[in-house]
Amino acid sequence: MSCKVVIGAQWGDEGKAKMIDYFTRNSDIVVRYQGGANAGHTVVVKNKKYIFHLIPSGVLHKDKICVIGNGVVVDPALLISEFVSLEKDGYDVGKRLYISDAAHLILPYHKALDESMEEFRAKKIGTTVRGIGPSYSDKCLRIGIRAGDIFDMKRLKEQISLVLRLKNLKLERIYKKDTYSDDEIMNILKRFKKVCGGMIINTQHFLHESIRAGRRILLEGAQGFALDIDHGTYPYVTSSNPTIGGALLGTGLNAFNIDEVIGVTKAYVTRVGAGPFPTEAKGEEGERLRVNGGEFGSTTGRPRRCGWFDIPLLRQASLINGLTSLALTKLDVLSGFKKIKVAMGYRVNGKKIDYFPASSLYDADPVYKELSGWDEDIARCKKKADLPKNARNYIDFIESHVGVKISIISVGPDRSHTFKNK
Ligand code: GDP
Ligand code: IMO
Ligand code: MG
């Protein structure tokens, strides 16, 4: 049995997709388990860049099966465009993509409501405006539309008509926005049925059967630990559980099926959108990290906020997820910094703490340790021994203070810029 989970250990964009692409070589099935097209997952192969929002990042390996699990919220129009563009590039996605019949759909009114809620808030979250929150809310309210609903068009039409009465009322009366007609929404659903109908299955059953048949499964998290709706910096979070619990709920696999949980972490920290970020580097240092790291959102293009590595954040990510190892990405971005800061703990209201206080982070002042940096470009390094001494020290320092083995090191965006930490 082999079932690996790859989870973001910070605020998203840690380089999960690159790691998924790396681990896909030794897997048979790659599964997205939560989130939706708020995710922007980048894989670079021989200078060609692919950004996936819904289709699992293992899709570039032509013999692998990809699954969109029941915990994902699927925007049909976006999924179709991603699918069509991959097929155009010669990837036979139609033959090896499965979509859970229990996955909820994101329809235009979800996106309009996401935008309206952001406008309404005094303090903006800075969502991706992809309809994520409104769609998960509908799931909880039990008025969501699921992928499998397209197999009974008569019932679906009645459902849409009912839901639209509510949504249009809200859009028109509260937010003074345009409304949607039944036909408009039904046309999207009909097209979804036509293009994707053949891919919709009971993925929970499929995954358990696959495990029984000895197939190796790789679960792809979106977002990251600190954006988790339960464990993150609420309300500045996403509306799903990127952490290990979400991986189980969003696939139907159970705890005994999982044998590895890999946390992906950058060698520094970034965050997009609003919310507390104690180690944020403002001014020249932050700007240098942003430029060196190309830190602009893969989904929205927004500049990412950048800062220093945060040990308590990583320790908490490890505890919550049961991380069995770490993949350390973007180490190359730190080249050229004379000193590299690492937060060892915080001072909150005059008291020193060494854990991640998700709910009082605004008052947390990081306590830094400064490590010596290195000047060399490390993108061509193929093993740990090739790295400058201070880069090796940095890796060992993080590993020992987080208390989790760093198994993979990434020194550039391309597939080839990856090696095991031996
Ligand atoms: P994800 O959402 O976690 O999959 O990450 P994103 O794709 O949103 O953002 C990570 C960005 O960093 C992408 O542009 C990757 O191509 C890039 N990247 C990943 N690993 C490395 C690395 O080790 N070095 C550099 N320089 N870039 C990397
Ligand atoms: P990947 O999978 C980074 C952030 C948004 C916002 C908050 C809520 O590429 O790592 P939402 O649209 O989910 O309601 O927005 O979450 N966010 C991400 N930040 N990476 C992501 O995905 C993100 N998905 C959502 O910027 O602050
Ligand atoms: Mg991303």
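Along the sequence shown, residues carry numbers from 1. In this text the structure is predicted, and so the values were computed from the model without any measurement. All ligand and atom numbering here is 1-based and tracks the order in the structure. Excluded from the calculations below are hydrogen atoms, water molecules and symmetry mates; all remaining heavy atoms, backbone and side chain alike, are included.
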A.B. asks: Name of the Asp13 N, O or S atom nearest the Mg ion (ligand 3)?
C.D. replies: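 Result for Asp13 and the Mg ion (ligand 3): OD1.
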
A.B. asks: Which residue and non-hydrogen atom of the protein lie closest to atom 10 (C) of ligand 1, and at what distance in Å?
C.D. replies: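 Heavy-atom neighbour on the protein nearest atom 10 (C) of ligand 1: Asp13 O, 3.8 Å.
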
A.B. asks: Check for me whether the distance between the ring centres of Trp374 and Phe337 falls short of 6.0 Å.
C.D. replies: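 They do not qualify: ring centres at least 6.0 Å apart.
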
A.B. asks: Taking only non-hydrogen atoms of Lys18, do any sit less than 4.0 angstrom from ligand 1?
C.D. replies: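 Judged by the 4.0 Å heavy-atom criterion, Lys18 does count as contacting ligand 1.
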
A.B. asks: Just to be sure I read this right, does ligand 2 sit under 4.0 Å from the backbone of Asp13, its side chain, both, or neither, counting only heavy atoms?
C.D. replies: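 The part of Asp13 near ligand 2 is both the backbone and the side chain.
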
A.B. asks: Heavy-atom pairs closer than 4.0 Å: do any link ligand 2 to the side chain of Trp11, the backbone, both, or neither?
C.D. replies: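 It is the backbone that touches ligand 2; the side chain stays farther off.
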
A.B. asks: For atom 10 (O) of ligand 2, what's the nearest protein heavy atom and its distance?
C.D. replies: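 The protein heavy atom lying closest is Lys16 NZ, 2.6 Å.
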
A.B. asks: To which protein heavy atom is atom 27 (N) of ligand 1 closest, and what is the distance rounded to 0.1 Å?
C.D. replies: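 Heavy-atom neighbour on the protein nearest atom 27 (N) of ligand 1: Lys330 CE, 3.4 Å.
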
A.B. asks: Hey, does Gly40 sit under 4.0 Å from ligand 1 if you only count heavy atoms?
C.D. replies: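 Gly40: in contact with ligand 1 (<4.0 Å).
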
A.B. asks: Please confirm whether Glu14 comes within less than 3.5 Å of ligand 2 when only nitrogen or oxygen atoms on both sides are compared.
C.D. replies: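 Looking only at distances, the answer is no, because the N/O contact criterion of under 3.5 Å is not met.
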
A.B. asks: So, are Lys389 and Glu376 salt-bridged, with charged N and O less than 4.0 Å apart?
C.D. replies: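 Answer for the salt bridge query: no.
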
A.B. asks: To which protein heavy atom is atom 26 (O) of ligand 2 closest, and what is the distance rounded to 0.1 Å?
C.D. replies: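 Of the protein heavy atoms, Arg302 NH2, 2.9 Å lies nearest.
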
A.B. asks: Can you report which non-hydrogen protein atom sits closest to atom 4 (O) of ligand 1, along with the distance?
C.D. replies: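 Going atom by atom, the protein heavy atom closest to atom 4 (O) of ligand 1 ends up being Ala17 N, 2.9 Å.
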
A.B. asks: Could you tell me the residue and atom name of the protein heavy atom closest to atom 15 (O) of ligand 2, and the distance to it rounded to 0.1 Å?
C.D. replies: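 The closest one turns out to be Thr127 CA, 3.4 Å.
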
A.B. asks: Identify whether the distance between the nearest side-chain nitrogen and carboxylate oxygen of Asp21 and Lys18 falls below 4.0 Å.
C.D. replies: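 No, this pair does not count.
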
A.B. asks: What residue and heavy atom of the protein are closest to atom 22 (O) of ligand 2, and at what distance?
C.D. replies: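 Minimum-distance protein heavy atom for atom 22 (O) of ligand 2 reads Gln223 NE2, 3.4 Å.
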
A.B. asks: Assess Gly412 for proximity to ligand 1: is some non-hydrogen atom of it under 4.0 Å away?
C.D. replies: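 Gly412 counts as a contact of ligand 1 under the 4.0 Å cut-off.
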
A.B. asks: Can Arg304 be said to touch ligand 1, with heavy atoms closer than 4.0 Å?
C.D. replies: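 Distance cut 4.0 Å: Arg304 passes for ligand 1.
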
A.B. asks: For atom 18 (C) of ligand 2, tell me which residue out of Val272, Ile229, Val73, Leu227 has the closest non-hydrogen atom.
C.D. replies: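 Considering heavy atoms of Val272, Ile229, Val73, Leu227, the nearest to atom 18 (C) of ligand 2 sits in Leu227.
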
A.B. asks: So, regarding His41 and ligand 2 (criterion: nitrogen or oxygen to nitrogen or oxygen, under 3.5 Å), is there a contact or not?
C.D. replies: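 The answer is yes, given that His41 and ligand 2 share an N or O pair closer than 3.5 Å.
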
